[in-house]
J.: 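Below is the structure I would like to discuss, written out as structure tokens.
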Amino acid sequence: MKQGRFLGVFAAGVYAFLHVPLLILCAFSFNRSKFTIWEGFSLEWYRQMFADGQLGEAAWNSLVIALASTVLATAIGTLCAYGLWKKNSKWLSGSLYLSLVTPEIVTGISLLALFQWVFRYWQVQLGMHTVILAHVAFSIAYVLLVVMARLRTAEPALEDAALDLGASEWEAFRLVTLPILKPGIAAAALLAFTVSFDDYVITSLVAGVDSETLPMVLYAMARRGANPVVSAISTVIFLGFGALILLSERMQKNP
Amino acid sequence: METALALRALEKSFSSHRVVDGISLDVPKGCFYSLLGPSGCGKTTILRMIGGFGEPDAGEIVLNGKRLNGLRPYERPVTTVFQSYALFPHLTAAQNIAFGLERRGEAPAAIAPKVNRMLELVGLQEKAGRMPANLSGGEKQRTALARALVVEPEMLLLDEPLSALDPALRKRVRIELKQLQKQLGITFLFITHDQEEALSLSDQIAVMNKGKIEQIGTPQEIYLTPATRFVAGFLGAVNWIDGIGVRPEATRISRATPGNGARTVDAQVETSVFLGDCFHVQTRTSAGVTVTAQVSHKDEPFANGDRVHVWWHAADELPVRE
Ligand SMILES: Nc1ncnc2c1ncn2[C@@H]1O[C@H](COP(=O)(O)OP(=O)(O)OP(=O)(O)O)[C@@H](O)[C@H]1O
Ligand SMILES: [Mg+2]
């Protein structure tokens, strides 16, 4: 009994530690005061948020970058996973996972170095395209991880059966493997979208003047001092992603 | 008889381990032909080479006069019932069966009646719209069979298609399978490690061991006149008495001295096991060899320790070479 009560308190503490910051953030985004004293309910910060042109542009940039890099990374990552599954090479898969454990700052600096080197020969500048390329580069490993997990549960004899019944290799992939992988690919795309939308370190290194993303603008605003608009945006982002994840769970349950 | 499939000196190694070691055989048209051998003797490897999943290192595969070596699986006029059935989990039973017809570019109007006829043939009309996950083991097996047969292959390859079923169902499906093969007249190459299955189903059996063929013959031939000790032992129990093989059902025991013409050894009864339709009486000869005799209920009962004569007819000795 005594032990049971202790465990309950402990669990409540951990949950509080995890979730209270989010609740506070959410609450103060509706506070009339600019400071962390409750003065009454207000939608002022949300109004300011929608009126801010720079924020709107950054949000648009973030969405474009996240969508483009998700589409590319999901396509490339899925094909990579398929190839690795067929070849069954420890070496190749190992080297792809390497990018998961590389510190972001190292990935960012190395990508920047690559772009600067290439720009010596090509008259191009940092911008949306470099951010998208960078995001594709680091999202592929996440896609790979999720799709590989799904492939490992697939029966290799299924593609043999398709070929045996007259399907070409491409038809076997398109008509048998791809439909089986669909839930895995959807989950991978969601993950790729999340890590892309969220990224700050790498993005800030390879972004140009025209390609500021939402996390970059938020970071700059937050550094300038307490600002309830930041809380408002964060709340919107949090709710948006929550809805996205619920939706994807729904889709996976009834495909 | 016309030959459907001919294998000529087929060889296949996996990392220097010779899994298929010079296999040659002829499967006559319309024959139910079994490859029988213990686990790991290379049966699946042979079947996969015929289907186009792995090229032989040496040798030829010829089907109805056409060389299959080097052709892609979809270019070969054979289909396979896989050991795991490999039904497409995202398609219904009917869609699984239609898959091969669609790949051959048949018109949808022609596909539906063929699928329905197949469903009827294997008794799955009611289950046409079910997903594989919602089919029983026997229904999955029949769906896999229908899917492979509907494209009218020149030959059907079956990789232990009954091994995933429970024993009671297996016996029933065995009879259905044999009837279906007779009815359709398609050549079956059937893989199994179950000697009872091979004996009851096949027109011809090739017994394999360690990548080589030990003997080819009808079920009677290989059971009654096994060419090697391995074949004799793999197809049923054998008493080896001074290098001579005699099956338990041909081995007799009696207290009285047997008559002329019988080969006799003195022995002592060790145990007697009731098997329902008969007794298996285990004895030990004076030379220390264990000999089992099958004894009917009507025979005089034997008690442990009884001194008896073990005897058999010379004609019942298995004519093994080694
Ligand atoms: N792709 C492969 N790579 C390496 N070794 C293999 C491969 N396929 C089969 N083998 C080996 O070849 C041998 C024969 O395998 P095969 O599957 O042909 O046996 P089988 O007679 O079908 O056995 P079972 O009755 O257990 O299915 C086995 O020792 C197996 O481990
Ligand atoms: Mg096998």
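Chain letters run A, B, ... following the sequence lines, proteins first and then strands; every chain starts at 1.
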J.: Please look at A:A154 and chain B and tell me whether the side chain, the backbone, both or neither of the residue comes under 4.5 angstrom of a heavy atom of that chain.
T.: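 Nothing of A:A154, per the 4.5 Å heavy-atom cut-off to chain B.
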
J.: If we define contacts as heavy-atom pairs under 4.5 Å, which of B:P153, B:P89, B:A148, B:A144 has the most with chain A?
T.: B:P89

J.: Strictly below 4.0 Å, N to O, side chains only: are B:K43 and B:D159 in salt-bridge contact?
T.: no

J.: Below 4.5 Å from any heavy atom of chain A, which atoms of B:L101 appear? Answer side chain, backbone, both or neither.
T.: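 The answer is neither part of B:L101.
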
J.: Could B:D203 and B:K182 be called an ion pair, given the rule that one side-chain N must be under 4.0 Å from one carboxylate O?
T.: no

J.: Is A:E169 in contact with chain B via its backbone, its side chain, both, or neither, using a 4.5 Å heavy-atom distance?
T.: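 The answer is both parts of A:E169.
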
J.: Which one wins on heavy-atom pair count under 4.5 Å against chain B: A:V176, A:D164, A:L158?
T.: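 Most heavy-atom pairs under 4.5 Å with chain B: A:D164.
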
J.: May I ask you to check whether B:S34 and B:Q204 show a side-chain donor-acceptor distance below 3.5 Å?
T.: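 B:S34 vs B:Q204: no donor-acceptor pair found between side chains.
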
J.: Which region of B:F88, side chain (C-beta onward) or backbone (N, CA, C, O), has a non-hydrogen atom less than 4.5 Å from a non-hydrogen atom of chain A, or is it both or neither?
T.: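 Interface part for B:F88: both.
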
J.: Would you kindly say whether A:S196 and A:S69 are connected by a side-chain donor-acceptor distance under 3.5 Å?
T.: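 Yes.
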
J.: What class does the angle between the rings of A:F193 and A:F197 fall in, given that below 30° is parallel, 30 to 60° is tilted and above 60° is perpendicular?
T.: parallel

J.: Can you tell me which portion of B:R76 sits under 4.5 Å from chain A's heavy atoms? Options are side chain, backbone, both or neither.
T.: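 When you check distances to chain A, no heavy atom of B:R76 falls under 4.5 Å.
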
J.: Do NZ/NE/NH1/NH2 and the carboxylate oxygens of B:E154 and B:K66 come within less than 4.0 Å?
T.: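 No, this pair does not count.
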
